[in-house]
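None of these values were measured; they are calculated from a predicted model.
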Amino acid sequence: MQKSTWLKSLCFVLCLSGLSACGSEKPDTKLTGWQKEVGQLRIGATSGEDSSTTLARWTAYQKYLNRITGLKVEVFQAADYNGVIQAMASGQLELAQMGGAAYANAREQMGEKVAPFLALRSAEGSSGYYSALIVKADSPYRTIEDLRGKSLGYVDFNSTSGYLFPRWAMRQQGKNPDTFFGKTAMSGGHTQSVLALANGQFDAIFLIASGGTPETGFTTGSLYTLARQGAVKISDYRIIWTAGPMPNSPYVIRTDRPQAFQDVTRGAMAALAYEDPQLWVDIGLQEGSDMQPMTAADYQAVVEMRRAEIAERRAAPAQKPSTGSAKP
């Protein structure tokens, strides 16, 4: 569907929904219908990738969604992926953004009560990202084979690019990730992984990479965010292997909330790139990018990968990676 057609459809949904609080900066104390039934909109954010960027982005969404829905909107930030997953599963959140693997976890716990509904799409039309195996530029490692028996930093068990997807890809290439590396640990986040690598705690890390391809190079991802902040230099690191692409992290919503609420929230978030393009850029999103509709079918492969990963770990408990955390 072309962007202009998609936008018109979203506007149509918003008009049909009869939003009594549109244009109000504060929640209406006399809510009726689906607004009264929902009561408030609680959003889950994780600090797993970049806490300052994530929080700033959701704070902007908070004000915007309050204006559109008329609901009190609160943003809750969890220290890790599992915090958001469990909050969503226990009914403490209506909306969240999480990686495909985290959604797969939530899906296994909640079934069809949780559903992906949007994901970012780049100005070039790309809707996927990669897992990159990164080493320090002054290291001797040039290929993934060079890391046999070396130390590796994973991000989180619920990370797609930092755990699930690269392990699946390695198995497809005949490499058992549980025995290939000499030592593994969880860093707790993409940013933490970069800092741990910089401090020499790992020989390599798996990290999210986007805004390009292995052939053209990448422009976005945690490493590039830290570089723009002056925390690291891109030239100090080297990508020696990639896995992907995988579908962009979905925005997920509880489907046991009123359908009108789901439609309005979906429409409002998808329309932001067009309604307020300056705000879109201010919250760190690429000019010309937008949201595209997603369904559970788009992430079914990730759900199956997670099931296979769990089956592998249960079958060989003595070989599963360390669950220790690296301290950057």
Inset, instruction - Please answer: with hydrophobic residues joined when any side-chain heavy atoms are less than 4.5 Å apart, are Met291 and Ile68 in the same cluster? - result: yes
Inset, instruction - Report yes if the side chains of Tyr251 and Met269 come closer than 4.5 Å at any heavy-atom pair, otherwise no. - result: yes
Inset, instruction - Taking the side chain as every heavy atom from C-beta outward, state whether Leu164 and Arg306 have any pair of such atoms under 4.5 Å apart. - result: yes
Legend entry - Ser249 to Gly99 - nearest heavy-atom pair and separation: OG-CA, 3.6 Å
Inset, instruction - I would like to know whether Met305 and Phe165 meet side chain to side chain contact (heavy atoms under 4.5 Å, CB included); could you show each step before the answer? - result: CA-CA 8 Å; Met305 286 180 199; Phe165 199 92; 3.5 Å; yes
Legend entry - Stepwise side chain to side chain contact (heavy atoms under 4.5 Å, CB included) test for Gln300 and Glu304: CA-CA 6 Å; Gln300 187 57 38; Glu304 296 300 331; 2.8 Å; yes
Legend entry - Side-chain (Asn66) to main-chain (Lys72) donor-acceptor, under 3.5 angstrom: no
Inset, instruction - Measure the shortest side-chain to side-chain distance between Tyr61 and Val75 over non-hydrogen atoms and say whether it is less than 4.5 angstrom. - result: no
Legend entry - For Phe218, all residues meeting ring-ring contact (aromatic ring centres under 6.0 Å, His included), sequence neighbours excluded: Tyr130
Inset, instruction - Please identify each residue that fulfils side chain to side chain contact (heavy atoms under 4.5 Å, CB included) with Ala198, with sequence neighbours left out. - result: Tyr237
Inset, instruction - Please say whether more than 12 non-hydrogen atoms of neighbouring residues, nucleotides or ligands are located less than 6.0 Å from CD in Gln173. - result: yes
Inset, instruction - To the nearest 0.5 angstrom, please state how far the CG atom of Leu41 sits from the OG1 atom of Thr69. - result: 6.0 Å
Legend entry - Interatomic distance, Asn248 atom CG to Gln97 atom CD [nearest 0.5 angstrom]: 8.5 Å
Inset, instruction - Give a yes-or-no answer on whether the side chains of Thr143 and Glu145 include a donor-acceptor pair shorter than 3.5 Å. - result: no
Inset, instruction - Answer with yes or no whether the hydrophobic clustering places Leu95 together with Leu31; edges join I, L, V, M, F, W, Y residues whose side-chain heavy atoms lie under 4.5 Å apart. - result: yes
Inset, instruction - Check for a donor-acceptor pair, side chain of Ser122 on one end and backbone N or O of Ser289 on the other, with a separation under 3.5 Å. - result: no
Legend entry - Stepwise side chain to side chain contact (heavy atoms under 4.5 Å, CB included) test for Met186 and Ser159: CA-CA 10 Å; Met186 298 293 168; Ser159 173; over 6 Å; no
Inset, instruction - Would you tell me whether Asn105 and Gln109 have side-chain atoms, one donor and one acceptor, within less than 3.5 Å of each other? - result: yes
Inset, instruction - Consider only side-chain heavy atoms of I, L, V, M, F, W and Y, link residues closer than 4.5 Å, and tell whether Ile240 and Tyr163 are in one cluster. - result: yes
Inset, instruction - Quick one: list whatever passes side chain to side chain contact (heavy atoms under 4.5 Å, CB included) with Ala115, sequence neighbours left out. - result: Thr255
Inset, instruction - Check Ala243 against Ala169 and note the closest heavy-atom contact, atom names and distance. - result: CB-CB, 3.7 Å
Inset, instruction - Give the C-alpha distance, both sets of side-chain angles, the deciding distance and a yes or no for side chain to side chain contact (heavy atoms under 4.5 Å, CB included) between Phe206 and Trp241. - result: CA-CA 9 Å; Phe206 282 126; Trp241 183 83; 3.6 Å; yes
Legend entry - Student check: side-chain heavy atoms of Leu65 and Leu71 closer than 4.5 Å: no
Legend entry - Connected via hydrophobic side-chain network under 4.5 Å: Val302 and Ile208: yes
Legend entry - Heavy-atom side-chain proximity of Phe181 to Leu147 below 4.5 angstrom: yes
Legend entry - Heavy-atom pair with the smallest gap, counting every atom of Val252 and Pro116: CG1-CA, 4.0 Å
Legend entry - In one Ile/Leu/Val/Met/Phe/Trp/Tyr side-chain cluster, 4.5 Å: Met98, Phe157: no
Legend entry - Which atom of Asp203 lies closest to which atom of Lys150, heavy atoms considered: OD2-CB, 3.3 Å
Legend entry - Any side-chain donor near an acceptor of the partner, Thr220 and Ser210, under 3.5 Å: yes
Inset, instruction - Using the salt bridge (Lys or Arg N to Asp or Glu O under 4.0 Å) rule, pick out the option among Arg257, Lys113, Arg254 that qualifies with Glu94. - result: Arg257
Inset, instruction - Give a yes or no answer on whether the side chain of Arg238 reaches the backbone of Tyr141 with a donor-acceptor pair at less than 3.5 Å. - result: yes
Legend entry - Side chain to side chain, Leu195 and Gln201, heavy atoms closer than 4.5 Å: no
Legend entry - Distance, nearest 0.5 Å, that separates CG of Leu93 from CD of Gln86: 11.0 Å
Inset, instruction - Fit a plane to each ring of Phe261 and Trp34, take the angle between them on a 0 to 90° scale, and name the class: parallel (under 30°), tilted (30 to 60°) or perpendicular (over 60°). - result: tilted
Inset, instruction - Report yes if some heavy atom in the side chain of Thr160 is under 4.5 Å from a heavy atom in the side chain of Tyr103; otherwise report no. - result: no
Inset, instruction - Provide the closest heavy-atom pair for Leu207 versus Ser193 in the form atom of the first, atom of the second, distance. - result: CD1-CB, 4.3 Å
Inset, instruction - May I ask you to decide if Gly189's main-chain N or O and Asp156's side chain share a donor-acceptor pair within less than 3.5 Å? - result: no
Legend entry - pair Val38-Pro258: side-chain heavy atoms closer than 4.5 Å: yes
Inset, instruction - Drop me the distance from Gln292's CD to Asp298's CG, to the nearest 0.5 angstrom. - result: 7.5 Å
Legend entry - Thr219 side chain to Gly211 backbone, donor-acceptor under 3.5 Å: yes
Inset, instruction - Please round to the nearest 0.5 Å and tell me the distance separating atom OG1 of Thr191 and atom CG of Leu226. - result: 4.5 Å
Inset, instruction - Would you please test Asp178 and Arg167 for salt bridge (charged side-chain N to carboxylate O under 4.0 Å, His left out) and show each step? - result: CA-CA 9 Å; Asp178 291 332; Arg167 286 171 60 83; 2.7 Å; yes
Inset, instruction - Look at Glu74 together with Arg42 and state whether they make a salt bridge at an N to O cut-off of under 4.0 Å. - result: no
Inset, instruction - Count the heavy atoms of every other residue, nucleotide or ligand shown that sit under 6.0 Å from CD of Glu112, and state whether that count exceeds 12. - result: no
Legend entry - Closest non-hydrogen atom pair, Glu287 against Ala123: O-CB, 3.6 Å
Inset, instruction - Taking Tyr64 for its side chain and Ala268 for its backbone only, find out whether a donor-acceptor pair lies under 3.5 Å. - result: yes
Inset, instruction - To the nearest 0.5 angstrom, please state how far the CE atom of Met88 sits from the CD1 atom of Ile253. - result: 8.0 Å
